[in-house]
J.: 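Take this structure, written in structure tokens, and hold onto it; I'll ask about it next.
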Amino acid sequence: MTEPRDVPYRYEPDATAAGLAAEYGHLEPGVETGTEVTVAGRLMLRRGQGKLVFGQLADSSGRIQLFAPANVTPRFDEFGKLSLGDWIGVRGEVMTTRKGELSIKVLDWTLLAPTRRPFPDKWHGLSDADTRYRQRYVDLWVTDEARRTFQLRSRLVSLTRRWLEDRGFLEVETPIFHPVLGGAHAKPFVTHHNALDIDLYLRIAPELYLKRLVVGGFEKVFEIGRVFRNEGLSPRHNPEFTMLELYEAYADWHDVMALTEQLVSFLAEELTGSTTVSYQGRDIDFSLPWRRATLAELIEEQIGVRVGLDTPVDELRSLCDEHDVPWEDHYGAGKLLLELYEKTAEGEQWHPVFATEYPAEVSPLARDHRELPGMTERFEIIVAGRELGNAFSELNDPDVQRERFEDQVRQGEAGDDEAMSVDEDYLRALDYGLPPTGGLGIGIDRLVMLLADVATIRDVVLFPTLRPEQDGH
RNA sequence: GCGCCUCUAGCUCAACGGCAGAGCAAUGGACUCUUAAUCCACAGGUUGGGGGUUCGAAUCCCCCGGGGCGCACCA
């Protein structure tokens, strides 16, 4: 047998399984093309026929059959003893078998890396979720769906970048380490910088830095990056996840709504072939335009009562009680409205809807609604009962922003451990002037879940957060 | 953090108070057109860990650990 030390340092495949299928898939049975190609990958199946061995080689594009007759394939006995899972390189002739299966007649082969551990059952694959997440390197080989999902994720991010760049957006990278907490409502991870001897937060959102860049003259910016929120795990929450945020100067929330529905329906069409996407057995219609509805309308649809900021707090509280929505004494009408909406209406939405008109009390970074006092020009994108994104006309008045920050601090003192603090440098940036700006944040993981039709975020994150393995596991 | 469910051979699963089993993978052999190849042979285990009840525990009880789902939390 070939020893690991004998394997080459490099190999040069010139074809892939999918490429060969595309080029030669039409061949009749029993054809020998005379064309030689070199492929590489893992041996995933093997069927011995005495002096003839069939194999199936998998590479990142797919699988192709290997056809190895004893009188053609060198070191035939060794070839027949390869382990399922071994990496090999194969040079051979493109051909079809008598039954018509596209194959490579093995004229030469090289062991590229042996596997020391047996691969999971060739038919049943891996079903244990724990093993699939911990040993993703195995899962990706044996679970076609997993591989497809992550390839789709990659294309989604790539398409998004190109789509935004084509519209003049500039991709930027802003700090992961934040000295001041802000940009979202979430508990942070805290870390420490030794040389500076300061605690830093892992960012919960890039928002405040991106808006600084608009102040700096980058009129259209976006960032696709990881954010970190110190909260529980669930099928829809991973503590680190990927957010797309973008900001466009001179735009308002209506512009952002249009951009959002165009981008997402474009991605749906590109990645699934249609703007109608099947999700968990039910269709989601991403075709334009998406529904727009205010929080108050969505609440009314569920509970049959028209509520608003002018509804007395006592009345809102009893409505909350009536619908098993917990509330606290320091909640104002705005927060009560939001809670009522989230607990009664959000989960009921299926097709994309822009939920609009959020109270200022719960929207510290959004600009006041131009007509409705106490409301902001903010909307969330709800699909399949979940929040997919959040957007608004950006608050650009430094004085109002300071008041909102200070209100956040008060909410923090009242017991909200996810409230923001006052970001003085951000206020200074606003002093220099943030033009009218529209901003958007979209959870990339959740979007991938929808378009790849998977139920848990762990199936769209390559290495989801898990407890570390321990003895006895 | 709480509740429910779950953990058996490398993988997928049986056995559910009475000798821990099968298929695939592995190992040895037969086979020149297979498609989860087939056939013969052989091997494989502190049943997640620890404790208890019992004549007897994978099975019942308790503690611990991993995972899943729900709640809480969470834009």
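Below, read A as the first sequence line, B as the second, and so on, with proteins coming before strands; counting in each chain starts at 1.
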J.: Is the A:W253 to A:F392 ring centre distance short of 6.0 Å?
T.: no
J.: Measuring from the side chain of A:D121 (C-beta onward, heavy atoms only), which nucleotide among B:U35, B:A26, B:U12 has the closest atom?
T.: B:U12
J.: Which part of the nucleic acid does A:A184 contact within heavy-atom distance under 4.0 Å: base, sugar-phosphate only, or nothing?
T.: nothing
J.: Which nucleotide in the list B:C33, B:C69, B:G23 gets nearest to the side chain of A:P235?
T.: B:C69
J.: Using a 4.0 Å heavy-atom cut-off, does A:I381 contact any base of the nucleic acid, only the sugar-phosphate backbone, or nothing at all?
T.: nothing
J.: So A:R117, base contact, sugar-phosphate only, or nothing? Heavy-atom distance under 4.0 Å.
T.: nothing
J.: Among the candidates B:C74, B:A37, B:G68, find the nucleotide nearest to the side-chain atoms of A:Y133.
T.: B:G68
J.: Given B:U12, B:G67, B:C33, which nucleotide is nearest the side-chain atoms of A:A129?
T.: B:G67
J.: Would you measure the distance from the P atom in B:U59 across to the matching atom in B:G51 and give it in whole Å?
T.: 13 Å
J.: Which one, B:U32, B:C73, B:A36, comes nearest to the side chain of A:K187?
T.: B:C73
J.: Which nucleotide, in any strand shown, forms a Watson-Crick or G-U wobble pair with B:U54, with both distances under 3.5 Å?
T.: none
J.: For the side chain of A:K51, counting heavy atoms from C-beta on, which of B:U32, B:C74, B:C13 is nearest?
T.: B:U32
J.: Report the residue (A:L466 or A:F54) whose heavy-atom-nearest nucleotide on RNA chain B is the more 5′ of the two.
T.: A:F54
J.: Would you indicate which nucleotide in B:G23, B:G68, B:A25 comes nearest to any side-chain atom of A:H124?
T.: B:G23
J.: Searching all strands shown, indicate the nucleotide that pairs with B:G17 (Watson-Crick or G-U wobble; both distances under 3.5 Å).
T.: none
J.: Mind checking if A:R386 touches a base, just sugar-phosphate, or nothing, with heavy atoms under 4.0 Å?
T.: nothing
J.: Just to be sure I understand the rule, does A:D128 reach a base, reach only the sugar-phosphate, or reach nothing, if contact means heavy atoms closer than 4.0 Å?
T.: sugar-phosphate
J.: Pick base, sugar-phosphate or nothing for A:E346, based on heavy-atom distances below 4.0 Å to the nucleic acid.
T.: nothing
J.: If you check every side-chain atom of A:D130, which of B:C69, B:A36, B:G66 has the closest atom?
T.: B:G66
J.: With A:Y358, which of A:H369, A:R378, A:E380 fulfils side chain to side chain donor-acceptor pair (under 3.5 Å)?
T.: A:E380
J.: Mind checking whether A:Y209 and A:H178 have parallel, tilted or perpendicular rings, split at 30° and 60°?
T.: tilted
J.: Picking from B:U32, B:G70, B:C24, which would you name as closest to the side chain of A:R236?
T.: B:G70
J.: Does A:W109 have its ring centroid less than 6.0 Å away from the ring centroid of A:W87?
T.: no
J.: Using the C1' atom as the point on both nucleotides, what is the distance between B:C71 and B:U47, in whole Å?
T.: 32 Å
J.: Just checking A:G48: base, sugar-phosphate only, or nothing, at a heavy-atom cut-off of under 4.0 Å?
T.: base
J.: Which of the following nucleotides, B:U35, B:C69, B:C74, is nearest to the side chain of A:E418?
T.: B:C74
J.: Reckon A:R116 touches a base, only the sugar-phosphate, or nothing at all at heavy-atom distances under 4.0 Å?
T.: nothing
J.: Regarding A:V138, tell me which of base, sugar-phosphate or nothing describes its non-hydrogen contacts under 4.0 Å with the strands shown.
T.: nothing
J.: Side chain of A:D86, backbone of A:T115: donor and acceptor closer than 3.5 Å?
T.: yes
J.: Over 60° means perpendicular and under 30° means parallel, so classify the ring planes of A:F405 and A:Y426, tilted if in between.
T.: perpendicular
J.: Remember a base hit wins even if backbone is also touched, and classify A:S127 as base, sugar-phosphate or nothing at under 4.0 Å, heavy atoms.
T.: sugar-phosphate
